[in-house]
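Let me begin by presenting the structure, written as structure tokens, before commenting on it.
Here, residue 1 is the first one in the sequence, and each next residue gets the next number. Whatever order the structure lists ligands and atoms in, that order sets their numbers, starting from 1. As the structure is a prediction and not an experimental result, all values here were calculated from the model. Note that these values count all heavy atoms, side chains included, but never hydrogens, waters or copies made by symmetry.
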Amino acid sequence: MDNQTKFEKMQTNILHSIERNIPRVGTRNPEIGYGAPDFNWRYPNVYYWTDSFWTGQLWLAYSLTGEEKFKNSARMRNEHFERVLGTPTWIDHDMGFLFSLTAVADYKLTGCKEARQRGLRAAEALRNRFNWNGEYLPAWNAEAGNPGHAEVVQGKIIIDCMQNLGLLLWAYQETCVESFKQVAMQQAETSLKYLIRDDFSTYHSFDFDPRTNKPVGGKTMQGYADESCWSRGQAWAIHGYAQLAETTGDLRYADISAKLMDWVVEHITEDYVPVWDYLLPEGETPFKDTSAGAVTASGLFMLADVYKKADNGQQAEKYQALAEKMLLALHENHDLTEYEHAQGLLSGGASHVRRTNSPETKFYSDGMLPYGDYYYFEAVMRAQGHTNFFWKK
Ligand code: GLY
């Protein structure tokens, strides 16, 4: 079977899986899933940064099929996302993940004015977090009554934030309000300066002194160590800088994304499914993180398309081939779409390996992840030539 035929079959299977899981998921938003043999979701008590990824898959399904059931099911969560916007303590840098795949997706696909307003309110909330003196977007919120925590998080940026900048660039396009664009472009530069190392591996996070805004140093939360390289963080950067290249047309961003991938090629295992940290010492369990693979593959298809449009056929071919290789590796080893009872699309997701401390919490190292699923679906669509996604301005 040639690759295109494989991608078509993967897409058909994904659509069937989503369709049969609509009644199982109901109006909830998956947070994380158990691995074999259950392959079923856990849901947050009230809210989590992962709340948009199932909805995002429903909107992708709607964009392919035009079937009302996908649109209606996606919109059943509107009330929840209104509640997010109305709860200041829930508003952090993940507004981009949360609203690009819900409100912006709805507006782009249906022209719904209310959805546009919701997307713009989310973009305003994100822009308003920006520290204009330090020129960075703090990722997380300080816990009330915990000064030590505030001391750290008020000056902390994280590489994941590269996925939140598309919301700002979309808002700039909709409104022509310059500050949306300024914040997005400055955060991309700050990330380049502090989160991307000279060899094009990445830090998960970087701390500034919140009083002086002076740089303190690179840290990790979900990687193995401060100086290692968390594979999903590297993936957020590859996809994020490819998005910036696609939106702005500036090939400098494409070259950053390409160099981040070249570093991955030097460090990935032969099977082309990322281990959760690319610099994991020998002796540590090499859990896979298929979400890192899905995000990377999707970003690489986008990168190849950017180079193709810029008439750089050699780079386009190189990154297209890598994207296909990574996507097929996920399909061959981790695709769950032919298991009737599986509620997600991919096994082998590692959300936070160092949180695993008992057999009951094994899902942090080896489970299903709604974001892995969303980007897997996105990658399968990109593999077939689709280029209009919800990140794009
Ligand atoms: N944004 C958090 C994560 O990638 O797990």
Enumerate the atoms of ligand 1 whose separation from the nearest heavy atom of [X] is less than 4.0 angstrom.
X      : value
Asp160 : 1 (N), 2 (C), 3 (C), 4 (O)
Trp236 : 4 (O)
Gln222 : 3 (C), 5 (O)

Worksheet item: Is it true that Glu19 and Lys69 make a salt bridge, defined as a side-chain N closer than 4.0 Å to a carboxylate O?
Response: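 Here Glu19 pairs with Lys69 in a salt bridge, since their nearest N and O are under 4.0 Å apart.
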Discussion item. Check this for me - ligand 1, Asp94, N or O atoms closer than 3.5 angstrom, yes or no?
Written reply: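 By distance alone, the answer is no.
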Worksheet, complete the sentence: Applied to residues 137-156, the side chain to side chain donor-acceptor pair (under 3.5 Å) test, sequence neighbours excluded, yields Arg129-Asn141, Glu143-Asn146, Glu151-Arg211, Lys156-Ser205, Lys156-Asp207
Let me check something: any side-chain donor-acceptor pairs from residues 93-106 under 3.5 Å, sequence neighbours excluded? List them with distances.
residue : atom : partner : partner atom : Å
His93   : ND1  : Asn164  : ND2          : 3.3
Asp94   : OD1  : Asn164  : ND2          : 3.3
Ser100  : OG   : Gly96   : O            : 2.8
Thr102  : OG1  : Leu98   : O            : 2.6
Asp106  : OD1  : Arg75   : NH2          : 2.9
Asp106  : OD1  : Thr110  : OG1          : 2.7
Asp106  : OD2  : Arg75   : NE           : 2.9

Practice prompt. Report yes or no: does Tyr47 contribute a side-chain atom to a donor-acceptor pair with the main-chain N or O of Trp90 at less than 3.5 Å?
Written response: yes
